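Here the structure is a predicted model, which is why all the values come from computation and not from measurement. Lettering follows sequence order; numbering is per chain, from 1.
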Number of protein chains: 2
Amino acid sequence: MSISMAKGEKTKSKILEKAASLASICGLEDMSIGKLAKATGLSKSGLFAHFNSKENLQTQVVQWVAEMFTEQVMRPAFNEPRGIPRIRGIFENWKDWIEGDSLPGGCIMIASSTEFDDKPGAVRDEIVGMMSDLLQSLTRTARIAIEEGHFKADSDPKQFAFEFESLLHGYHLLQRLLKDPDARKRSDTAFERLIESYQADLPKPH
Amino acid sequence: MSISMAKGEKTKSKILEKAASLASICGLEDMSIGKLAKATGLSKSGLFAHFNSKENLQTQVVQWVAEMFTEQVMRPAFNEPRGIPRIRGIFENWKDWIEGDSLPGGCIMIASSTEFDDKPGAVRDEIVGMMSDLLQSLTRTARIAIEEGHFKADSDPKQFAFEFESLLHGYHLLQRLLKDPDARKRSDTAFERLIESYQADLPKPH
DNA sequence: GAAAAAAACGAACGGTCGTGCTAATAATCA
DNA sequence: TGATTATTAGCACGACCGTTCGTTTTTTTC
């Protein structure tokens, strides 16, 4: 009766998956329960019963996306060696993620950041937490690069995280709004310049 | 009868001003005609008559905001000397703009870029045009910095424009979503690093 | 001033929104 | 299997959506 966790959770996952797709295209607010019900084949009220408010649904979509992001962008990169290779891994995976390999509408985290920055409430709080965690992860990864001697010892890891994150936002703009065919090249160039400027002098002698 | 251009245009401006404020907070799509009517004191139908569809209203809001941006961010910076000072001017003015000195909800251009990147239509087209123009202006300004000898001769002005724009998006995130008290400092540091890396060697002897 | 034109209003439309209820169905447990 | 519980559906609600239309008010023009 209590440890079951059966059918309900299964369909809830299906719903959240569709919801993430839908929200990535039309936004978390514009994603209505009616549309989502149609997309999943459920009835509006049947779907609603899983979450007990729209705010709840939105919040859980954000959590779902955050897990997805961790799984597809961060975790694979942590198989890379510590330091710059790992940072490069995050960069590459994140670009793929933005291009819509997972969500058809691109990176919800970036989109919802601007959508909810002036809408107080539980959803905003969730997004703030998610983005804070992300920046913290990036900061940690930069700190590791310092420890490994890849980055200059006096580098500011939080500063690096900020500049790294900014770059991805820029890529998002070029790729998804402007559909600039040079988007990858532009962000790659900027990324190399960024790495270079943080990189420790005296690269290993060839 | 034809050259009049009187009361109508005046209230239309008032409407667009309020609309820009409202949209900066809740988004272009979530800004409803009803809310806007309440905010302006007009009746819903009276307001609607000025634009003949919501899409039209949204489009004109985007145009209005673009003009406002040019007026408050770009134009004052063009009083600065050509080259780096002018670029610095744009950067400073844009930060003020994002902080909400003009629009309470921050930079609509950035917000609507992610809101409409997957919604085809006239509004999206308008936003694309606006952002393209903006990047073009930034590119031109960087080219001038090359001409003035401030930037390295082999600098890629479009590349600079991309990195500059990215930075402002990053600032938007820190300032408006995360309310990071170090937002200014972070973006200032990144900006100086950006300028430095494009700057011509051999600064003029002191 | 009166006549003509422009601007704003009020009411209503078909739809969709989020959200409650109650009944039917499906899964689980005894 | 039958009883119980968890999951879905149907229906209805009040509110608001964008939009239309006919009327009234305000502004402009002569």
Side-chain angles (χ1 to χ4, degrees), chain A residues 1-20 22-23 25-62 112 115-116 119-124 126, chain B residues 1-20 22-23 25-62 112 115-116 119-124 126:
Chain A
M1 66 180 197
S2 57
I3 31 172
S4 63
M5 200 256 281
K7 179 82 184 305
E9 295 295 319
K10 206 75 182 173
T11 56
K12 194 166 175 178
S13 288
K14 292 259 182 194
I15 294 172
L16 285 174
E17 195 180 337
K18 283 269 183 205
L22 202 73
I25 294 174
C26 65
L28 271 174
E29 204 75 298
D30 200 30
M31 168 198 68
S32 73
I33 295 175
K35 289 181 198 166
L36 187 53
K38 198 145 293 179
T40 54
L42 292 183
S43 70
K44 214 169 56 148
S45 56
L47 191 151
F48 183 83
H50 284 273
F51 319 86
N52 292 306
S53 68
K54 181 171 186 184
E55 191 180 49
N56 229 306
L57 165 62
Q58 291 171 317
T59 301
Q60 296 192 40
V61 169
V62 172
S112 58
E115 186 181 1
F116 277 85
K119 293 177 183 170
V123 183
R124 196 200 120 95
E126 195 66 39
Chain B
M1 67 181 198
S2 57
I3 32 172
S4 64
M5 201 258 278
K7 180 82 180 308
E9 295 296 319
K10 206 75 182 177
T11 57
K12 194 166 175 177
S13 289
K14 292 258 182 194
I15 294 173
L16 286 174
E17 195 180 337
K18 284 269 183 204
L22 202 74
I25 294 174
C26 65
L28 271 174
E29 203 75 300
D30 200 30
M31 168 198 70
S32 72
I33 294 175
K35 290 181 197 166
L36 188 53
K38 197 145 294 180
T40 53
L42 291 184
S43 70
K44 217 169 51 147
S45 56
L47 190 150
F48 183 85
H50 284 271
F51 319 87
N52 292 307
S53 69
K54 182 173 187 183
E55 190 179 49
N56 229 306
L57 166 62
Q58 291 171 318
T59 301
Q60 294 191 41
V61 169
V62 173
S112 59
E115 186 181 2
F116 276 87
K119 292 177 183 170
V123 184
R124 196 199 118 94
E126 195 67 39

Report the distance from atom CD of A:Glu9 to atom C1' of C:dA27, rounded to the nearest whole Å. 15 Å
Once you round it to whole Å, what is the distance between P of C:dG18 and CG of A:Leu28? 12 Å
Can you tell me how far C1' of D:dT8 sits from NZ of A:Lys12, to the nearest Å? 15 Å
Not counting sequence neighbours, which residues clear side chain to side chain contact (heavy atoms under 4.5 Å, CB included) with B:Asn56? List them please. B:Phe51, B:Ser53, B:Gln60
Would you please confirm or rule out a distance under 4.0 Å between OP1 or OP2 of D:dA6 and any side-chain N or O of A:His50? no
When you look at NZ of A:Lys54, are more than 12 heavy atoms from neighbouring residues, nucleotides or ligands closer to it than 6.0 Å? yes
Within a radius of less than 6.0 Å around NZ of A:Lys35, do more than 12 heavy atoms belonging to other residues, nucleotides or ligands occur? yes
So, the side chain of A:Glu126 versus the backbone of A:Thr59: is there a donor-acceptor pair under 3.5 Å, distance only? no
At under 4.0 Å between heavy atoms, which parts of nucleotides 14-20 of chain D does protein reach? Answer with one letter per nucleotide, 5' to 3': B base, S sugar-phosphate only, - none. ---SBBB
How close do B:Lys119 and B:Arg124 get, counting heavy atoms only, and between which atoms? O-CB, 3.2 Å
How many angstroms lie between atom CG of B:Leu57 and atom CG of B:Leu16, to the nearest 0.5 angstrom? 7.0 Å
Donor-acceptor check, side chain of A:Glu115 to backbone of A:Leu28, threshold 3.5 angstrom: yes or no? yes
CD of A:Gln58 versus C1' of C:dC17: gap in Å, rounded? 13 Å
Whole angstrom value for the distance that separates P of C:dA8 from CG of B:Leu36: 13 Å
Should stems be defined as at least three consecutive Watson-Crick or G-U pairs with both distances under 3.5 angstrom, which of them involve DNA chain D? C:1-3 with D:28-30, C:5-23 with D:8-26, C:25-29 with D:2-6
At their closest point, which heavy atom of A:Val61 faces which heavy atom of A:Ala20, and how far apart are they? CG1-CA, 4.1 Å
At 4.0 Å (heavy atoms only), tell me whether A:Leu42 reaches a base, stays on the sugar-phosphate, or touches nothing. sugar-phosphate
